[in-house]
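Protein chains get the first letters and strands the later ones, always in sequence-line order, with residue 1 at the start of each.
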Amino acid sequence: MPDQLGDWTRTHTCGALRTDDVDADVVLLGWVHRVRDLGGVTFIDIRDRAGVSQLVVRDNDALLVAAKRLRSEFVIGVRGVVQRRSDDTVNFKLATGDVEILVREIRVLSEAKTPPFQIAEDGAVSEELRLRYRYLDLRRPRLQHNLGLRHRVTMAVRRYFDAHGFWEIETPILAKSTPEGARDFLVPSRVHPGEFYALPQSPQIFKQILMIAGTDRYFQIVRCFRDEDQRADRQLEFTQIDVEMSFARPESVYGLIEPLMQEVFKEIGRDVSVPLPRISYADAIAKYGSDKPDLRCGLEIVDLSELFRDSEFRVFKQIVADGGVVRGIVVPGGNKYSRSQLDVLVDQAKQMGFSGLIWVRPGEPPLSSVKALNADALGTALARAQASAEDLLLMAAGPAEATSKLLGQLRLHVAKKENLLRADEFAFTWVTDFPLLEYHEDDARWYSTHHPFTAPLDADVDKLESDPGAVRAKAYDLVLNGTELGGGSIRIHDSALQARIFRRLGITDEEAKMRFGFFLEALEYGTPPHGGIALGLDRMIALLAGESSIREVMAFPKTSNAVDLMAGAPSPVDARQLTELHLKTQP
RNA sequence: GGGGUCGUAGUUCAGUUGGCUAGAACGCCGGCCUGUCACGCCGGAGGCCGCGGGUUCGAGUCCCGUCGACCCCGCCA
């Protein structure tokens, strides 16, 4: 039978006491962190969210007996007197280490089973077990820190938008399914047999309607749902900082978000210098082989096609003649790689999808397999790539975008291997001018790169019908260390242009009316030009916390198999519930 | 849907070419100890080697299947 709290009120948290509090009568409430029983004296570390304090039990047989009962993770209350520690017993590792509490009374408020893993240490524990006992894992320093950081960042974001005239407005969780984009989570309607709500993939249409509604500046820290396979940086449900503003140009959004990043990074004591760099999508692909380039390392991709247009090396020559490219990256100091290391690298490249990877070490005769690459050609290539004698040149050939993307993967592989990506460095960039549309071979139609409400660049509108692939969008991503932190665009505010885009996407007028009719109608009632952005809060916190998975910054994440190991979701439901919802499951 | 890594005391791991009566550390339980703070010392308990088949005189170890966690590709307007 546990003791009751009675009339005790917590006077201090377990992280609060300092030398100023010496001689104070205090009541601390918290978890037993560790017990050190020395026989005639027992030390108990008591822990709460705020920290750890040392309790001393001595010169009191009844209390020493009571202390013997204590086990890790019991919840206790103690009343006692704060005393200064002698100089030789101060603990510099604790914020409260100058003092300790001489215990007068202990109350065991709650006993605890021996936990399946140690709470007092951040030691390695399988993630499966951590997720099953999430409430225990959340007690540990790592997640306590991450949740605290997340709270502080969230508050900083709210302060920032409030100060800039943005209203936080909630949008429906029970929304309408829009077949474009990610798979929807559906919620059956009890009242309307056979009909479904969808959980929002993002509040995109709602926030645009808020602009039409004259709200002018909106933000929301909002849960979004996408029924797709999980990754380290993707969960079924995740949180966006969703932003929309009227009368916005891309510059307005950059000018709003850059100082926000400064505010946010202040929370971990880091300066962000603005304006942030910008790179066009086309340049990002060409130079880094990615639309989310990691700019913490150079390793730029260089184009060597022209060198091989007339070379004697038939393979490259042919590829260039057919409109392909020869491109490469220089690995600084890579000349030190042994032959077997290079073989491994070539192997790994092939696993990435390279049909071939040619390496050139300065000062070395051409490989037998590429004998046709004479020393002259190699020298020119090395010079063009600005490779020094210590470096290594890696070359591949093929279609432009595919070759760059492969080299982009290889670039990251090499950068990790060479330790060029410092975890404490933060390299932001805007990626701009995304293509508005992309062609999908499998069903032979155009899809929106971003979403169908994205405005094309004014200069490219005329190409919508004649050369859709060349139309660039007023769309931008914010990229940090190779992670897409967020993306946004200026939206179409003209219903005629919006209809034209739908037509381009192969969506008939009837379909458009069925799916987005309310929105198209809204556009016709006086729509301000508007645009915005959505930032992935989980990814941002993970980067701030130095975590490689967003699960480490979410209180209750799901496994990569979409299961909540603690709560046991998803789970079967009563037949009655199904009947009520007019649902039948397949056997 | 595909590829990969992993699965052995409560936990983290070790366990040669198949020979195991399955080990270590931490944790847990008991004892001793009046200044510890990852307390120390002594003693003890604790294992369906994920699960199911197979090969073998013999399987933690080899093979097949299956389940689970994680990473990647596809997917994520």
Side-chain angles (χ1 to χ4, degrees), chain A residues 33-47 52-61 64 68 71-73 83 85-94 96-97 100 102 113-133 136-137 178-184 201-202 204-205 224-236 238 348 351-353 409 412-413 434 436-438 440 442 445-454 473 475 484 487 489 501-502 505 507 515-516 534 536 548-549 551 557-563 565:
Chain A
H33 191 61
R34 255 190 271 271
V35 179
R36 291 178 295 283
D37 178 359
L38 275 65
V41 57
T42 295
F43 299 96
I44 302 149
D45 291 338
I46 185 173
R47 182 196 73 235
V52 172
S53 290
Q54 173 165 284
L55 311 175
V56 195
V57 176
R58 55 178 298 168
D59 307 328
N60 185 328
D61 289 344
L64 281 166
K68 274 248 186 275
R71 295 289 180 271
S72 290
E73 301 308 312
Q83 57 186 29
R85 296 205 202 181
S86 65
D87 288 350
D88 56 330
T89 61
V90 164
N91 185 346
F92 298 100
K93 285 185 270 181
L94 287 183
T96 58
E100 61 193 7
L102 183 64
K113 289 163 71 171
T114 300
F117 51 85
Q118 286 171 257
I119 311 298
E121 313 262 330
D122 256 338
V125 179
S126 78
E127 199 168 349
E128 195 171 353
L129 203 63
R130 292 176 53 206
L131 290 170
R132 172 135 177 261
Y133 296 96
L136 297 180
D137 196 25
T178 53
E180 300 264 322
R183 223 171 273 123
D184 283 325
Q201 298 173 27
S202 83
Q204 184 61 36
I205 291 181
C224 302
F225 306 85
R226 293 180 188 175
D227 186 8
E228 298 292 346
D229 287 348
Q230 322 273 296
R231 287 287 189 283
D233 62 350
R234 274 164 35 192
Q235 285 267 310
L236 300 180
F238 60 100
Q348 290 165 335
Q351 277 172 19
M352 290 176 199
Q409 278 184 54
L412 289 178
H413 177 81
F434 274 78
L436 184 73
L437 303 161
E438 55 195 27
H440 284 204
D442 43 354
R445 56 159 281 205
W446 292 91
Y447 281 87
S448 294
T449 306
H450 194 46
H451 56 60
F453 316 111
T454 303
E484 183 194 325
S489 63
I501 297 286
F502 280 140
L505 294 172
I507 299 173
R515 292 192 207 166
F516 311 112
S548 54
S549 165
R551 292 187 301 275
K558 292 182 179 53
T559 68
S560 66
N561 202 21
V563 169
L565 288 179

So, is [X] near the phosphate of [N], with a side-chain N or O under 4.0 Å from OP1 or OP2?
X: S126(A); N: rU12(B); result: yes
X: K113(A); N: rG10(B); result: no
X: N561(A); N: rA69(B); result: yes

What's [X] touching, base or sugar-phosphate or nothing? Going by heavy atoms closer than 4.0 Å.
X: S86(A); answer: nothing
X: Q230(A); answer: nothing
X: T89(A); answer: base
X: R85(A); answer: base
X: E127(A); answer: sugar-phosphate
X: R130(A); answer: nothing
X: P116(A); answer: sugar-phosphate
X: Y447(A); answer: nothing
X: T449(A); answer: sugar-phosphate
X: L94(A); answer: nothing
X: D227(A); answer: nothing

Let's see if you can work this out: which of [options] has an atom nearest to the side-chain heavy atoms of [X]?
X: L131(A); options: rG74(B), rU11(B), rC70(B); result: rC70(B)
X: F43(A); options: rC37(B), rU36(B), rA38(B); result: rU36(B)
X: T559(A); options: rC75(B), rC37(B), rC70(B); result: rC70(B)
X: E228(A); options: rU36(B), rC76(B), rC71(B); result: rC76(B)
X: T114(A); options: rU11(B), rG27(B), rC76(B); result: rG27(B)
X: S549(A); options: rC71(B), rC37(B), rC70(B); result: rC71(B)
X: R231(A); options: rG74(B), rU34(B), rC71(B); result: rG74(B)
X: A232(A); options: rU34(B), rC75(B), rC71(B); result: rC71(B)

Under the 3.5 angstrom rule, does the side chain of [X] hit a backbone N or O of [Y] as a donor-acceptor pair?
X: H451(A); Y: F453(A); result: yes
X: R234(A); Y: D229(A); result: yes
X: T96(A); Y: V52(A); result: yes

When you compare [N] with [M], how far apart are their [atom1] atoms, in angstrom units rounded to a whole number?
N: rG47(B); M: rG60(B); atom1: C1'; value: 11 Å
N: rC26(B); M: rG68(B); atom1: C1'; value: 25 Å
N: rG18(B); M: rU61(B); atom1: C1'; value: 6 Å
N: rC32(B); M: rC71(B); atom1: C1'; value: 50 Å
N: rG27(B); M: rA9(B); atom1: C1'; value: 11 Å
N: rC39(B); M: rU34(B); atom1: C1'; value: 13 Å
N: rU16(B); M: rG50(B); atom1: P; value: 14 Å
N: rU8(B); M: rA14(B); atom1: P; value: 10 Å

Exercise for the section: Would you kindly compare Q118(A) and V35(A) by the position of their nearest RNA chain B nucleotide and give the one closer to the 5′ end? Expected result: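 Residue closer to the 5' terminus by nearest nucleotide: Q118(A).
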Handout entry: Position toward the 5' end of RNA chain B (nearest nucleotide), D88(A) or H440(A)
Key =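 Nearer the 5' end of the strand: D88(A).
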Problem - side-chain hydrogen bond (donor to acceptor under 3.5 Å, both in side chains), paired with R551(A), selected from E127(A), Q235(A), Q230(A) - result: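 In the set E127(A), Q235(A), Q230(A), the residue that makes a side-chain hydrogen bond (donor to acceptor under 3.5 Å, both in side chains) with R551(A) is E127(A).
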Looking at [N], does its base get a donor-acceptor pair with the side chain of [X] below 3.5 Å?
X: R36(A); N: rG35(B); result: no
X: R34(A); N: rU36(B); result: no
X: R71(A); N: rC29(B); result: no
X: E128(A); N: rG50(B); result: no

Tell me which nucleotide, if any, is Watson-Crick or G-U wobble paired with [N] when both distances must be under 3.5 Å.
N: rG7(B); result: rC67(B)
N: rA24(B); result: rU12(B)
N: rC33(B); result: none

Distance-minimising heavy-atom pair for [X] and [Y]:
X: Q201(A); Y: T178(A); value: NE2-O, 4.0 Å
X: P557(A); Y: L131(A); value: CG-CD2, 3.7 Å
X: R445(A); Y: L505(A); value: NH2-O, 3.0 Å

Exercise for the section: Using atom CG of L136(A) as one end and atom C1' of rU11(B) as the other, report the distance to the nearest whole Å. Expected result: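 So the CG-C1' distance, L136(A) to rU11(B), works out to 13 Å.
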Handout entry: Interatomic distance where CG belongs to L102(A) and C1' belongs to rU34(B) [whole Å]
Key =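 About 13 Å, once rounded to whole Å.
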Practice task
Give the intermediate values and the outcome of side-chain hydrogen bond (donor to acceptor under 3.5 Å, both in side chains) for residues T559(A) and N561(A).
Solution key: CA-CA 5 Å; T559(A) 68; N561(A) 202 21; 5.5 Å; no
Problem - Check against salt bridge (Lys or Arg N to Asp or Glu O under 4.0 Å), R36(A) and D45(A) - result: CA-CA 8 Å; R36(A) 291 178 295 283; D45(A) 291 338; 2.8 Å; yes
Handout entry: Centroid distance under 5.5 Å and plane angle under 30°, F117(A) vs rU11(B)
Key =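 It does not: the ring fails the test against the base of rU11(B).
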